Student: 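The structure under discussion is supplied below as structure tokens; questions concerning it will follow.
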Protein chains: 4
Amino acid sequence: MEKKTKLKILMVAEEVFAEKGFHAAKMDEIAERAGIAKGTIYLYFKSKEQLFFQTIEFMIRGMIDTIKEKISTLNDPLDRLKEGISSYFHYITRHKQIFFMILNEEIASSGKGHSKKHKMKHIELYRQSQEFIMRLMKECIDEGYLKPINPLWLSSALTGLLQKMVINSVVFDIDIAPDEMSSIATELFLNGAMSEKEEQQ
Amino acid sequence: MEKKTKLKILMVAEEVFAEKGFHAAKMDEIAERAGIAKGTIYLYFKSKEQLFFQTIEFMIRGMIDTIKEKISTLNDPLDRLKEGISSYFHYITRHKQIFFMILNEEIASSGKGHSKKHKMKHIELYRQSQEFIMRLMKECIDEGYLKPINPLWLSSALTGLLQKMVINSVVFDIDIAPDEMSSIATELFLNGAMSEKEEQQ
Amino acid sequence: MEKKTKLKILMVAEEVFAEKGFHAAKMDEIAERAGIAKGTIYLYFKSKEQLFFQTIEFMIRGMIDTIKEKISTLNDPLDRLKEGISSYFHYITRHKQIFFMILNEEIASSGKGHSKKHKMKHIELYRQSQEFIMRLMKECIDEGYLKPINPLWLSSALTGLLQKMVINSVVFDIDIAPDEMSSIATELFLNGAMSEKEEQQ
Amino acid sequence: MEKKTKLKILMVAEEVFAEKGFHAAKMDEIAERAGIAKGTIYLYFKSKEQLFFQTIEFMIRGMIDTIKEKISTLNDPLDRLKEGISSYFHYITRHKQIFFMILNEEIASSGKGHSKKHKMKHIELYRQSQEFIMRLMKECIDEGYLKPINPLWLSSALTGLLQKMVINSVVFDIDIAPDEMSSIATELFLNGAMSEKEEQQ
DNA sequence: GATGAATGAGCATTCATTCAT
DNA sequence: CATGAATGAATGCTCATTCAT
């Protein structure tokens with residue numbers, strides 16, 4: 001099997017699923033954009049659902065790997081966390097589409113029209129990505145950098161915050177550099193929104 | 001008389017869209033659950049897309065009204081914000097489905113298979129809900145309670161954090177009372193994740 | 001549900017399935033010949049397979065009922081058998097197509113590409129038609145008209161003989177009246193092919 | 001060398017067509033079971049339809065040759081006929097699949113989705129097999145063993161009877177030795193179903 | 001000869017929408 | 001107002017056939 005064709009399909013599928021969502025994405029369009037015949041997709045993926053799953057898998061692994069690599073040279077957990085935030089931002093900003101798709105799937109997992117089997121796979125994948133962030137959190141807690149709050153809530157707070165910032169920058173049409181968003185996000189996540197004066201009261 | 005039928009359709013549509021998402025939701029099912037004939041829906045709504053839009057509108061207005069009412073007796077902006085967080089949590093916990101649907105639509109707005117006209121309406125609706133939160137933020141900034149950060153990022157941080165916590169409590173199957181989530185979320189949003197020792201360094 | 005539409009579909013499906021066989025028959029053609037839209041078929045039948053099954057069922061019941069009615073006025077088992085043979089011939093000559101379809105299915109039952117569930121239903125239907133003939137045989141055996149051979153083999157011999165005569169009259173393009181075929185078949189079935197001279201030896 | 005591949009394909013095609021029927025049989029499966037690439041089939045057979053035709057031809061010739069050989073040592077037409085029946089039974093019992101396929105095709109010939117050209121070839125082939133049986137009949141008639149009935153009806157009666165007995169032994173799940181079936185069939189074909197007492201009346 | 005990746009016409013099925021009653 | 005039978009465009013998927021290697 002031609003690795004190149006399969007890869008091409010995955011890349012295009014990423015685009016189309018991201019733009020349209022699962023149901024509105026058409027196999028015809030994926031094939032056309034990939035410059036292949038519709039039937040060819042089915043040589044590599046058993047069904048639309050499986051293509052969807054593998055696309056997401058491909059992207060989440062890509063995201064985790066990218067972040068892992070970026071933080072691999074750092075030792076201090078807080079530095080690792082900050083770099084993680086920054087690189088997460090760069091990744092989802094550059095791959096907004098992927099990110100929309102994955103985020104969409106988080107929700108879809110919670111109910112929509114997929115088979116049980118795939119739904120479980122999706123949730124499992126999503127968990128993996130969350131657990132990766134949770135590990136970063138745990139390191140920071142253990143070293144005393146972060147408050148001893150359940151890492152699930154810490155990572156929920158962080159990823160929710162990051163994702164919503166990207167969504168809103170799109171929806172409200174704000175032109176802001178990833179680096180600036182990253183530093184605002186880091187500040188908000190670590191120190192909170194309350195003004196220091198208030199805090200000292 | 002007719003008001004009742006229209007309302008019934010909206011209530012059922014909320015359920016079905018929430019459970020299945022836009023494309024997977026079927027007019028047949030909505031009609032059946034509402035106990036009316038399929039054709040009847042078209043007496044009140046021009047198309048599936050319009051029904052969808054009006055359903056979301058109905059729900060977002062409901063959410064805003066609920067929160068508005070809850071905070072209407074409070075004067076201090078920080079109290080209003082805290083109560084807003086708490087009541088937002090109760091609302092989206094009690095109406096998880098609605099909330100998933102709306103969140104889903106935020107993403108969908110960014111690209112999916114809706115007509116331009118409706119896409120813009122959706123975004124507008126979404127903006128209204130965000131702007132309501134932004135106003136709460138602005139009050140707090142003006143009074144010096146919150147850091148003078150763009151209210152858009154503040155409200156992004158808050159709503160992202162709240163939504164992701166609810167999503168993850170479902171995905172990771174955590175049983176936690178809304179009140180407890182609310183206080184964790186408030187603490188994280190206002191004071192951040194960093195431990196106080198670190199902060200004092 | 002309009003009984004008329006369902007009946008029309010069954011009538012046309014009978015024709016098309018008979019002419020083309022299960023796989024080669026197209027839902028498009030059935031719809032077109034019935035003068036309805038393709039989707040309409042699915043209001044009355046869940047799938048092509050179910051339509052096929054119900055068509056066969058409809059036809060076998062029709063055949064049995066026709067024969068039953070014809071022999072209902074006769075009391076002597078041998079007369080009933082002879083009339084059964086004659087009316088069977090008239091039926092399958094007039095409804096050659098139905099008959100080809102049913103015969104095709106007998107074979108298909110033994111292996112082809114249908115779901116287990118339907119395969120069993122088909123066999124069951126086929127059995128019913130055979131068992132009806134077997135009962136006619138049993139009556140004749142009990143009255144001493146026929147040799148005490150397992151009625152299954154007797155009915156196999158009779159129906160096989162009748163069917164093959166019709167097939168071959170078509171394949172070899174022989175123009176022969178049903179009544180004549182019927183009397184040849186009756187003679188062969190009852191008295192055998194051996195010449196009387198030989199027999200007396 | 002090439003002969004071997006072609007033969008292998010024919011053998012496997014026999015199996016697959018027999019199990020699935022023409023339309024449900026897949027070139028992929030034939031290739032896979034034959035242990036060759038799909039394209040290779042097209043080096044030896046122009047199309048699926050031609051492969052099908054040649055497969056049937058191969059089988060009918062095999063059947064005729066088998067019977068011919070078995071009766072080649074016998075001189076008396078009645079003995080030849082009896083041995084023909086017996087050997088036909090053994091053949092179609094041992095190669096039930098082949099037999100189902102051929103029988104299926106008899107029907108298919110009468111209408112299904114094959115091109116005119118091939119349809120005629122199929123009928124021609126079928127005729128050959130029937131004519132072989134008819135010659136056995138004719139010999140017997142000429143010698144006064146059988147009634148002077150059109151050999152076409154005689155062979156129809158015989159082959160119809162034999163085939164239906166095999167079908168029903170499968171459908172009704174009867175375990176019976178070919179020899180026993182053969183003797184019942186012979187008795188029924190030659191002497192008929194009517195009891196002797198009745199006959200003598 | 002042999003391969004198997006690629007093709008694309010073809011088909012079953014779905015479902016939003018319409019309209020005669 | 002309400003119905004629900006009918007529509008038909010749209011789409012996922014199959015599989016015989018081709019052809020560059």
Side-chain angles (χ1 to χ4, degrees), chain A residues 1-6 9 23-32 34-51, chain B residues 1-2 4-6 22-32 34-52 113, chain C residues 1-6 9 23-32 34-51, chain D residues 1-2 5-6 22-32 34-52:
Chain A
M1 295 274 166
E2 299 294 305
K3 204 106 201 206
K4 252 168 100 175
T5 306
K6 185 168 186 176
I9 295 171
H23 281 98
K26 307 302 168 201
M27 296 303 264
D28 277 281
E29 185 173 358
I30 293 173
E32 199 195 25
I36 57 171
K38 195 178 5 180
T40 306
I41 299 177
Y42 288 87
L43 294 178
Y44 297 94
F45 304 91
K46 225 186 64 195
S47 68
K48 187 186 181 184
E49 205 168 32
Q50 198 172 97
L51 171 60
Chain B
M1 273 299 123
E2 322 86 30
K4 240 168 111 182
T5 305
K6 185 167 186 178
F22 179 75
H23 281 97
K26 310 300 170 203
M27 296 301 264
D28 280 276
E29 189 174 354
I30 293 172
E32 198 195 22
I36 57 171
K38 200 179 1 178
T40 306
I41 298 178
Y42 287 85
L43 295 177
Y44 297 95
F45 304 92
K46 219 188 66 194
S47 69
K48 187 186 180 185
E49 208 166 30
Q50 196 173 97
L51 170 60
F52 187 43
Chain C
M1 295 275 167
E2 297 295 304
K3 204 106 200 204
K4 252 170 101 175
T5 306
K6 184 169 187 176
I9 295 172
H23 281 98
K26 307 303 168 200
M27 296 301 266
D28 277 281
E29 186 172 358
I30 294 173
E32 199 195 26
I36 57 170
K38 198 177 2 178
T40 305
I41 299 176
Y42 289 86
L43 293 178
Y44 298 93
F45 305 91
K46 223 187 64 195
S47 67
K48 187 184 180 184
E49 204 168 33
Q50 198 173 98
L51 171 60
Chain D
M1 272 302 123
E2 320 86 31
T5 305
K6 185 167 187 178
F22 178 75
H23 280 97
K26 309 300 169 203
M27 297 301 265
D28 280 276
E29 188 173 356
I30 294 173
E32 198 196 22
I36 57 171
K38 199 176 7 174
T40 306
I41 298 178
Y42 287 85
L43 294 178
Y44 297 97
F45 305 91
K46 220 188 64 194
S47 67
K48 186 186 181 185
E49 207 166 31
Q50 197 174 94
L51 170 60
F52 186 44

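Naming convention: chains lettered A, B, ... in sequence-line order (proteins, then strands); numbering from 1 in each chain. Remember, it's a predicted structure, so these values are computed and weren't measured experimentally. Just so you know, these numbers use all the heavy atoms, side chains as well, and skip hydrogens, waters and symmetry mates.
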Student: Any strand counts, and the cut-off is 3.5 Å on both contacts for Watson-Crick or G-U wobble. Which nucleotide pairs with E:dA20?
Tutor: F:dT3
Student: What is the distance from NZ of A:Lys4 to P of E:dG4, rounded to the nearest Å?
Tutor: 20 Å
Student: Let me confirm one number: the NZ-CD distance from D:Lys38 to D:Glu32, rounded to the nearest 0.5 Å.
Tutor: 11.0 Å
Student: Side chain of D:Leu43, heavy atoms from C-beta onward: which of F:dC13, F:dT18, E:dA2 has the nearest atom to it?
Tutor: E:dA2
Student: Could you check whether B:Lys6 makes a cation-pi contact with B:Phe45, meaning its NZ or CZ is under 6.0 Å from the centre of the six-membered ring and within 45° of the ring axis?
Tutor: yes
Student: In Å and rounded to the nearest 0.5 Å, what is the CD1 to OG1 distance from A:Ile9 to A:Thr40?
Tutor: 7.0 Å
Student: Do the side chain of C:Lys38 and the base of E:dT13 come within less than 3.5 angstrom through a donor-acceptor pair of N or O atoms?
Tutor: yes
Student: Want to settle it: does C:Lys26 or C:Thr40 sit nearer the 5' end of DNA chain E, counting the closest nucleotide to each?
Tutor: C:Lys26
Student: Taking atom C1' of F:dC15 as reference, at what distance in whole Å does atom CG of D:Leu51 sit?
Tutor: 15 Å
Student: DNA chain E: B:Met27 or C:Tyr42, which has the more 5' nearest nucleotide?
Tutor: C:Tyr42
Student: I need the CD1-C1' distance between B:Ile41 and E:dT18, as an integer number of Å.
Tutor: 14 Å
Student: Respond yes when some side-chain nitrogen or oxygen of C:Tyr44 is under 4.0 Å from OP1 or OP2 of F:dA5, and no when none is.
Tutor: no
Student: Let me know the distance between CD of A:Glu49 and P of F:dT11, rounded to the nearest Å.
Tutor: 18 Å
Student: Can you tell me the distance, in whole Å, between the CD atom of A:Gln50 and the P atom of F:dG12?
Tutor: 16 Å
Student: Side chain of C:Lys48: nearest nucleotide among E:dA16, E:dA12, E:dG4?
Tutor: E:dA12
Student: So, is C:Thr5 near the phosphate of F:dA6, with a side-chain N or O under 4.0 Å from OP1 or OP2?
Tutor: yes
Student: Give C:Ile36 one of three labels, base, sugar-phosphate or nothing, depending on what nucleic acid heavy atoms sit under 4.0 Å from its own.
Tutor: sugar-phosphate
Student: Roughly, in whole Å, what's the span from CD1 in D:Ile30 to P in F:dT17?
Tutor: 11 Å
Student: Roughly, in whole Å, what's the span from CZ in B:Phe45 to P in E:dT18?
Tutor: 16 Å
Student: Can you tell me how the ring of B:Phe52 sits relative to the ring of B:Phe22, calling it parallel under 30°, perpendicular over 60° and tilted otherwise?
Tutor: tilted
Student: Which distance, rounded to the nearest 0.5 Å, do you find between the CD of B:Gln50 and the OH of B:Tyr42?
Tutor: 11.0 Å
Student: DNA chain F: A:Asp28 or C:Ala37, which has the more 5' nearest nucleotide?
Tutor: C:Ala37
Student: So A:Ala25, base contact, sugar-phosphate only, or nothing? Heavy-atom distance under 4.0 Å.
Tutor: sugar-phosphate
Student: Round to the nearest Å and state the distance from C:Glu32 atom CD to F:dT7 atom C1'.
Tutor: 15 Å
